[in-house]
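In what follows, a single structure is set out as structure tokens and then discussed.
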Amino acid sequence: MIKEKLSLVPNEPGCYLMKNKDNIIIYVGKAKKLKNRLSSYFHGTHYGKTLKLVSEIVDFEYIVVSSETESLILEQNLIKKYNPKYNILLRDDKSYPYIEFTNEKVPRLLIVRNLNRKKNNRNRLFGPYPNVTAARNTVNLLNRIYPLRKCSTYNKKPCLYYHINQCLGYCTNEIDKEKLKIMEEEIIKFLRGDHSLVSNKIKEEMIKESEQLNYEKAKELKELYDYITITLNKQKVEIEDIVDRDVFGFYEEKGMLSIQVLFIRGGKILGRHSKIFSIIDEISDELSRYILGFYDRDVIKPKEILLPCGIDTDVLENILGIKVKTPQKGLKLKIVEMANENARISLENEFELIKRDEQKTVGANEALSDLLNIKPLDRIEIFDNSNLFGNFNVSGMVVFSNGKPDKNEYRKFKITLDKNDDYGTMKEVIYRRYFRVLRDNLVKPNLIIVDGGLGQVNVAKEVIDSLGLDIPVIGLKKDNNHRTNSIVMTDPVREIRIEHRSDVFYYLERMQDEVHNFTINYHKQLRSKGALESILLNVSGIGSKRRDELLKKYKTINKIKEASIDELCKILPKNIATNLKDFLKEY
């Protein structure tokens, strides 16, 4: 069928969708010439991830468009819609921290990640920073130098920051607008890369403190001065302008692609981003797809992107709406080459670790697939139950996709059954999960794993069969030392012994630990919340409404204990707040 369909494919630009035997879309790609690209998958020799992809393809569809720009946009939309497993293997969910200089009457410095909520304040967002530690160090530095507002709400009296000269007491004192304006201008210059004003300010203060024989304070200021003049100035690049740029570099070897992104802000390298993944498509297409996906997350676009040769800059420029250049000479070319070199070093340093990780994840998953004769084995859903004397019965489900945990797919279940009945709990959670899978047309797993022996497997299988689903169910049986030693299966009933030092054993053990810890943590949360609800209702004057307000604000007993009477009085009358504090002394 594929051969016949290939003969009908036109050599026009467009997108193609690869399907497996279950008619599920497993990969989406684009091509300038559809016929040539699709034919390449079914002819010639393939390796690694491409070989695995091709082995699962039983059908394909294609959509013809009028230009390469349209095909790239369509490809991104199709990937978002279908989440194909071979596309999401290179998905990167990481969001970068930014520093926000708030646009309030008295501004604050905050570290933020969710930029979608900051659309009206984009010109006061600075970054991205490589990690939250780098962003926090910068915020702490500026907060020590400038007496900014630190609190989220105005208190009725000055706090500790006022008494140590790190705040002007905006809550009680009149705001000096002129002084505040000067501070804002200096801070924004610093965050845009001009460190000279702050450096000079610290140096003057350091000399002053030294002349007054305040050596401890002078030493502290010198450490700040050194941090700015040595650490931050090392990041300076030779380009004279202060245009915000992202510079992409890459390196390919042995079927792996390493991408390095340098964030240049205010003429300095603010941070970098690395990604290494297996190559499935043409390198230029992999890079274009990755760059578009990179800016589809919570990332503020720079003014300009610099790329190595071999990527269609016009297409990316049209879609992203910013300048995209491939420098041919000069300092900009040197920076691109530096990004390429960093990508090479990153790949070479990580290669052995990547190979081991592949073996322990994808390799172990394929070994389990062979052992159970389940093909393919892309998605495994694992369940665990937890209860304490029939109270707060819960179950947890974790998902492993292609050998790795898929935390976005984890689910918690609060069980309605009010007694310690493991079979009843198993029956309820399996029914609730897979009734919803059917109702909402969710992705079905290739395998269900329950924690237990033949009894638990039979209960789960009975529910699965009653729903008309054909999904294998296995149990993990433990020995006297509470170590998993065999897989329990039905149809026919049998046990498969597992070698304790095998990759499959460590893989199953990892899945068991993951679901157990996930479920236990949920159980502890409910237990803690339930205990706190009961305690609060024992205090005279606290009913369900006040209890809910306290729970919403404080969440734990310790946080209520730490709260002052004045803070509690925002929710409770003073006499009841006093009673609550006295009552909690016993806990």
Side-chain angles (χ1 to χ4, degrees), residues 45-53 86-94 96 128-131 133-134 231 234-239 245-264 268-295 297 299 305-311 316 325-366 402-405 503 506-507 510:
T45 306
H46 301 291
Y47 302 94
K49 285 288 189 300
T50 309
L51 179 63
K52 194 167 187 309
L53 165 66
Y86 282 98
N87 291 100
I88 63 174
L89 287 175
L90 56 89
R91 182 179 62 192
D92 192 343
D93 291 325
K94 181 175 181 180
Y96 286 93
Y129 286 81
N131 52 59
T133 302
T231 309
K234 272 185 180 179
Q235 301 167 344
K236 191 171 182 180
V237 291
E238 296 178 25
I239 296 178
R245 293 182 177 90
D246 288 349
V247 183
F248 285 78
F250 76 93
Y251 183 77
E252 178 268 328
E253 186 180 356
K254 298 177 184 176
M256 303 296 294
L257 183 62
S258 173
I259 295 178
Q260 191 87 191
V261 191
L262 302 178
F263 305 126
I264 298 178
K268 293 180 174 62
I269 299 174
L270 193 63
R272 66 176 185 171
H273 166 83
S274 299
K275 183 69 177 177
I276 300 173
F277 54 87
S278 298
I279 299 170
I280 294 176
D281 218 328
E282 298 281 340
I283 290 178
S284 60
D285 287 339
E286 295 277 19
L287 287 166
S288 297
R289 184 184 300 127
Y290 188 81
I291 291 166
L292 280 189
F294 186 81
Y295 292 107
R297 301 173 293 146
V299 177
I305 295 173
L306 301 183
L307 301 177
C309 294
I311 306 172
L316 289 173
K325 296 181 178 178
T326 301
Q328 303 298 316
K329 60 182 181 178
L331 294 174
K332 291 183 180 180
L333 176 60
K334 284 184 179 179
I335 296 171
V336 172
E337 289 172 345
M338 181 170 68
N340 285 338
E341 178 64 7
N342 275 280
R344 182 190 68 79
I345 293 169
S346 180
L347 183 58
E348 290 183 354
N349 288 345
E350 296 292 324
F351 218 104
E352 189 58 36
L353 293 174
I354 291 165
K355 285 197 294 185
R356 290 179 189 174
D357 182 60
E358 288 270 314
Q359 184 180 346
K360 289 185 178 297
T361 53
V362 178
N365 191 69
E366 289 176 355
N402 302 295
K404 296 185 179 182
D503 286 339
Y506 291 121
Y507 182 41
R510 183 187 178 195

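We count residues from 1, following the sequence as given.
- In this structure, the side chain of Ser346 does not engage the main chain of Asn342 through any donor-acceptor pair within 3.5 Å.
- Shown here are the ring pair (Phe, Tyr, Trp, His ring centres under 6.0 Å) partners of Phe250, two or more places apart in sequence or in another chain: there are none.
- Smallest separation of non-hydrogen atoms from Pro327 and Leu333: O-CD1, 3.5 Å.
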TODO: Tell me, with the steps shown, if Ile335 and Arg245 meet side chain to side chain contact (heavy atoms under 4.5 Å, CB included).
DONE: CA-CA 11 Å; Ile335 296 171; Arg245 293 182 177 90; over 6 Å; no
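- Note that CG of Leu307 is 8.5 Å distant from CG of Leu287, once rounded to the nearest 0.5 Å.
- For Glu253, the salt bridge (Lys or Arg N to Asp or Glu O under 4.0 Å) criterion is met by no residue, not counting sequence neighbours.
- Residue Leu347 holds its CG atom at 7.0 Å from CE of Met256, rounded to the nearest 0.5 Å.
- Gln260 places no side-chain N or O within 3.5 Å of a backbone atom of Glu341 that could act as its donor or acceptor partner.
- Looking at heavy atoms from C-beta onward, Tyr251 lies out of side-chain contact with Asn340 at the 4.5 angstrom threshold.
- A distance of 8.0 Å separates OG1 in Thr50 from CG in Asp281, rounded to the nearest 0.5 Å.
- The backbone N or O of Ser258 sits nowhere less than 3.5 Å from a side-chain atom of Ser274 that would complete a donor-acceptor pair.
- The aromatic rings of Phe294 and His273 lie tilted to each other, with the angle between the two planes from 30° to 60°.
- With salt bridges taken as basic N to acidic carboxylate O contacts below 4.0 Å, none links Lys334 and Glu337.
- Taking CZ from Phe248 and CD1 from Ile311, the interatomic distance works out to 8.5 Å, rounded to the nearest 0.5 Å.
- Considering CD1 of Ile279 and CG of Leu257, their distance stands at 5.0 Å, rounded to 0.5 Å.
- Nearest heavy-atom pair across Ser278 and Glu286 is O-OE2, 4.3 Å.
- Taking all atoms of both residues into account, the shortest heavy-atom contact from Gly403 to Arg510 is O-NH1, 4.2 Å.
- Across all their heavy atoms, Leu316 and Ser288 have their closest contact at CD2-O, 4.0 Å.
- One distance of note links CD1 of Ile280 with CG of Asp285; it measures 12.5 Å at 0.5 Å rounding.
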